[in-house]
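Worksheet for the structure shown next.
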Amino acid sequence: MTFRSGTRLALDWGKVRIGVAACDPEAILCYPVETIATRHDPIRRVQQLVAEYEPIEVLLGMPHDLAGRSGIAAQAMENVAAELHEVLGDVPLRIVDERLSSAYASRLLHEAEKNSRAQRKIVDQAAAVAILEQAVAFERRTGEAHGTLFGEGLR
């Protein structure tokens with residue numbers, strides 16, 4: 001497999017907020033799109049973003065602990081993934097390990113001297129960018145799509 005051309009969307013799904021990131025069709029630039037409040041019908045908003053961006057895939061971060069184990073958060077994310085899978089139509093949903101994306105994003109924002117109040121508003125977007133950058137780098141390096149297609153089980 002070679003690197004696939006096309007826009008991708010990444011989601012860092014949390015209990016309160018969902019960070020969304022996208023990339024250009026050649027995946028040269030990954031950038032933050034928006035933060036969705038989970039109390040405002042996030043599935044519908046993701047549907048709208050998919051219609052707008054027309055991605056070749058949607059990447060959903062799956063929370064695991066540092067040892068790679070799935071816990072309560074991962075089980076909740078499986079339910080979110082099932083809902084997303086139903087509404088995305090032909091757009092593939094890929095599940096990717098997001099273990100350190102939020103910590104990485106927080107560190108970068110701290111280094112950029114963003115205060116904690118400012119960070120809260122954008123850390124989820126930065127985490128989604130980190131998820132997307134990791135997926136793009138993996139595919140460029142290996143020639144294979146990163147993560148697992150939803151429904152195939154996690155590797």
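The analysis underlying the following values was restricted to heavy atoms, covering all of them including side chains, and did not include hydrogens, waters or symmetry mates.
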* In this structure, are over 12 heavy atoms from other groups packed under 6.0 Å from R44 atom CZ? -> no
* **Given I131, V46, I36, the one that forms side-chain contact (heavy atoms from CB on, under 4.5 Å) with L11** => V46
* Asked: Roughly how far, to the nearest 0.5 Å, is CG of L88 from CZ of F150?
  -> 10.5 Å
* To do: For the pair T7 and E54, evaluate side-chain hydrogen bond (donor to acceptor under 3.5 Å, both in side chains) and give the outcome as yes or no after the intermediate values.
  => CA-CA 7 Å; T7 301; E54 299 179 344; over 6 Å; no
* Asked: Taking the side chain from R8 and the backbone from E57, do they hold a donor-acceptor pair closer than 3.5 Å?
  -> no
* If every non-hydrogen atom of V33 is compared with every non-hydrogen atom of A21, which pair is closest and at what distance? -> CG2-C, 3.8 Å
* State the OG-CD1 distance between S5 and I56, to the nearest 0.5 angstrom. => 7.5 Å
* For R39 and R17, indicate whether the former's side chain and the latter's backbone hold a donor-acceptor pair under 3.5 Å. => no
* With respect to E139, which candidate in H146, E144, R4 satisfies the side-chain contact (heavy atoms from CB on, under 4.5 Å) definition? -> R4
* **Any side-chain heavy-atom pair of V136 and F3 under 4.5 Å** => yes
* Kindly say whether G19 contributes a backbone atom to a donor-acceptor pair with the side chain of T35 at under 3.5 angstrom? => no
* To do: Provide the closest heavy-atom pair for V129 versus P32 in the form atom of the first, atom of the second, distance.
  => CG2-N, 3.4 Å
* To do: Using only heavy-atom distances, determine whether the side chains of R45 and Q48 contain a donor-acceptor pair under 3.5 Å.
  => yes
* Say whether, by atom type as modelled, one donor and one acceptor occur between the side chain of D24 and the main chain of L29 under 3.5 angstrom. => yes
